[in-house]
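What follows is a set of notes on a single structure, which appears directly below.
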Amino acid sequence: MGMLSKFTRLKRSKKFDYAPRYYDDKGKGNPFKIEPKLDQFRSTLNPARGLKGKFGSAMSDVKRQGDTNMKVRMAIIIAILVLIVLYIIDFEISIFFPN
């Protein structure tokens with residue numbers, strides 16, 4: 001029977017010790033779900049209903065301060081791109097100055 005059992009024996013399943021790379025062992029939910037970590041930065045997660053709620057959320061978006069360096073950098077980039085487009089289309093600036 002020793003020879004016959006080698007051929008009729010079923011294979012055992014291989015067991016792997018898998019631990020996710022970014023596993024939160026404190027039990028804060030699914031380690032593969034990243035939405036809750038980013039929801040605190042989203043202003044459109046639960047949109048306000050009605051005209052008053054929409055107006056209030058729009059005003060809070062206006063009041064929120066951003067990175068001032070980014071705003072200056074974006075203004076410079078837009079100005080440079082506008083000048084490049086005006087140069088490409090051969091725009092004549094002299095029409096704005098009186099003769």
Side-chain angles (χ1 to χ4, degrees):
M1 268 252 198
M3 190 73 162
L4 186 60
S5 67
K6 284 185 178 180
F7 295 113
T8 59
R9 174 176 44 176
L10 294 176
K11 287 186 173 182
R12 294 186 182 247
S13 298
K14 295 180 180 180
K15 294 181 182 178
F16 296 100
D17 186 22
Y18 173 72
R21 184 182 301 180
Y22 301 108
Y23 179 66
D24 183 17
D25 59 344
K26 295 177 181 74
K28 276 191 160 181
N30 188 355
F32 300 108
K33 190 173 183 182
I34 51 177
E35 290 177 355
K37 295 178 182 177
L38 301 177
D39 283 347
Q40 59 186 344
F41 303 111
R42 293 175 58 193
S43 62
T44 60
L45 182 62
N46 296 320
R49 292 187 165 184
L51 186 60
K52 183 178 178 183
K54 290 180 182 179
F55 183 74
S57 66
M59 290 306 291
S60 68
D61 286 343
V62 168
K63 290 178 185 176
R64 186 176 339 145
Q65 289 292 329
D67 186 14
T68 57
N69 293 335
M70 184 185 71
K71 290 179 182 178
V72 170
R73 190 178 316 129
M74 183 63 81
I76 291 172
I77 290 172
I78 289 174
I80 291 173
L81 289 175
V82 166
L83 290 174
I84 289 173
V85 168
L86 291 177
Y87 179 75
I88 288 174
I89 64 172
D90 204 23
F91 185 74
E92 193 64 38
I93 291 183
S94 63
I95 62 172
F96 295 115
F97 302 111
N99 289 337

Under the side-chain contact (heavy atoms from CB on, under 4.5 Å) test, which residues partner [X], sequence neighbours left out?
{"X": "F91", "answer": "L86, I89, I93, I95, F96"}
{"X": "I76", "answer": "V72, I80"}
{"X": "L83", "answer": "none"}
{"X": "N69", "answer": "D67, R73"}

M70: hydrophobic cluster co-members (side-chain, 4.5 Å):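 None; M70 is a cluster of one.
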Linking Ile, Leu, Val, Met, Phe, Trp and Tyr by side-chain heavy atoms under 4.5 Å, what else ends up with L81?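 Listed partners: I77.
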Take atom NZ in K54; do more than 12 heavy atoms of anything else shown fall under 6.0 Å from it?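 12 or below, so no.
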